[in-house]
Amino acid sequence: MDAVRVPRAGIPVFHALAVLDEVRYLDLIGRLSTRDLNTIARMLSEVRSVVGDVWSERLCAAFVTHMVSMATLRTSNGFDVAEMAEHLASDIDAELDDATTSTQLTSRLRDMLTVRSLAALGKAVDISQQADRMLHIPRIITDTRPVFDEDAALGPIGAVIQHTLRVEFLEDGEYRSTSFTLTPGDLRRLKVMVERAEIKEASLAHLLDQTDLTLFDLSGDRDD
């Protein structure tokens, strides 16, 4: 756990959690403990409803991001809750107001790490990221490419319509990119495969609706 550090951007979040007044904190932990947090957006909505008038929108969003990341880190590594909470609080001890604030942060982080719905959401995020590469931004660039005769001075004699699929992805903690040439036929086949995947997704979602299992919808959350 020695390699686990609070990122610089997370310090304001942890400080805000530590100094949040007790009434609001109990309301916050209570809401997160009793709600079905199956999406990042749902968790953000619950956080806003409690502290939206004292925390900025940016701080609310950052709080959700760091709490989910913390839960994901714990579940994926099997860290002990109490040890992790104490380690994270001590990591930013110099940034806190006093020893009392540090103690309170440790206690509150421990509470957060034991929220079952947050732990489940963190586990879902962890499972969804079990791949060599994580898609970041896909783009399809369409252009017309001229075809010239042997004598290029005579101008083009025709053209082809070409599509280029450019994919940015995350690998080993770094953003990289690659590209693929697509013919119009490739594009149509890709469209059919995407539509089929959406049908399968809807079918599986319908089956899950008939069970007691929670369907975690993480679409759009990886960019947070």
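Source: prediction; values computed, not measured. Here, residue 1 is the first one in the sequence, and each next residue gets the next number.
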Within the 4.5 Å heavy-atom criterion, are [X] and [Y] side-chain neighbours or not?
X: Met70; Y: Leu109; answer: yes
X: Asp186; Y: His163; answer: no
X: Arg133; Y: Val167; answer: no
X: Leu154; Y: Phe148; answer: no
X: Glu57; Y: Leu44; answer: yes
X: Leu170; Y: His136; answer: no

Between Glu22 and Arg108, is there a salt bridge with N-O shorter than 4.0 Å?
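Yes, charged N to carboxylate O under 4.0 Å.
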
Check for me, please, whether [X] and [Y] land in the same ILVMFWY cluster - side-chain distances under 4.5 Å, paths through other members count.
X: Met43; Y: Ile127; result: no
X: Leu26; Y: Trp55; result: yes
X: Leu190; Y: Leu135; result: yes
X: Leu165; Y: Met193; result: yes
X: Ile141; Y: Ile161; result: no

Closest contact, heavy atoms only, [X] versus [Y]:
X: Glu83; Y: Asp80; value: N-OD2, 3.0 Å
X: Leu20; Y: Gln104; value: O-NE2, 4.4 Å
X: Arg8; Y: Pro12; value: O-CD, 3.7 Å
X: Leu73; Y: Met84; value: CD2-CE, 3.7 Å
X: Ala89; Y: Ser102; value: CB-O, 4.1 Å
X: Ala159; Y: Thr144; value: CB-CG2, 3.5 Å

Over 12 non-hydrogen atoms of neighbours within 6.0 angstrom of [atom1] in [X]:
X: Asp53; atom1: CG; result: yes
X: Glu86; atom1: CD; result: no
X: Arg139; atom1: CZ; result: no

Spacing of [atom1] belonging to [X] relative to [atom2] belonging to [Y], to within rounding of 0.5 Å:
X: Leu218; Y: Thr39; atom1: CG; atom2: OG1; result: 8.5 Å
X: Ser33; Y: Glu46; atom1: OG; atom2: CD; result: 11.0 Å
X: Ser49; Y: Asp27; atom1: OG; atom2: CG; result: 7.0 Å
X: Ile157; Y: Asp149; atom1: CD1; atom2: CG; result: 5.0 Å
X: Tyr25; Y: Leu17; atom1: OH; atom2: CG; result: 6.5 Å
X: Thr65; Y: Ile40; atom1: OG1; atom2: CD1; result: 7.0 Å

Quick one: does any side-chain atom of [X] pair with a main-chain N or O of [Y] as donor and acceptor, under 3.5 Å?
X: Thr72; Y: Val68; result: yes
X: Asp151; Y: Ala153; result: yes
X: Arg24; Y: Val50; result: yes
X: Asp172; Y: Glu174; result: no

What is the ring orientation for Phe14 with His66, classed by angle as parallel under 30°, tilted 30 to 60°, or perpendicular over 60°?
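Perpendicular.
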
Hydrophobic cluster mates of Leu208, side-chain heavy atoms under 4.5 angstrom, ILVMFWY only, any path?
Leu213, Leu215

Evaluate the side-chain contact (heavy atoms from CB on, under 4.5 Å) criterion for residues Leu28 and Met112: first the C-alpha distance (whole Å), next the side-chain angles of each, then the deciding distance (0.1 Å), finally the verdict.
CA-CA 10 Å; Leu28 177 62; Met112 285 290 170; 3.9 Å; yes

Give the intermediate values and the outcome of side-chain contact (heavy atoms from CB on, under 4.5 Å) for residues Arg58 and Phe63.
CA-CA 9 Å; Arg58 185 175 182 177; Phe63 173 81; over 6 Å; no

Per-pair distances, 0.1 Å, donor-acceptor, side chain in residues 114-126, under 3.5 Å, sequence neighbours excluded:
unit_1: Thr114; atom_1: OG1; unit_2: Arg110; atom_2: O; d: 3.2
unit_1: Thr114; atom_1: OG1; unit_2: Asp111; atom_2: O; d: 2.8
unit_1: Ser117; atom_1: OG; unit_2: Leu32; atom_2: O; d: 2.6
unit_1: Asp126; atom_1: OD1; unit_2: Gln130; atom_2: NE2; d: 3.1

Take Leu187 and Ile140 through the side-chain contact (heavy atoms from CB on, under 4.5 Å) test and state the conclusion after the steps.
CA-CA 10 Å; Leu187 195 62; Ile140 295 181; 3.9 Å; yes

Just grab all the side chain to side chain donor-acceptor pair (under 3.5 Å) pairs involving residues 193-209, residues at least two apart or on different chains.
His206-Gln210

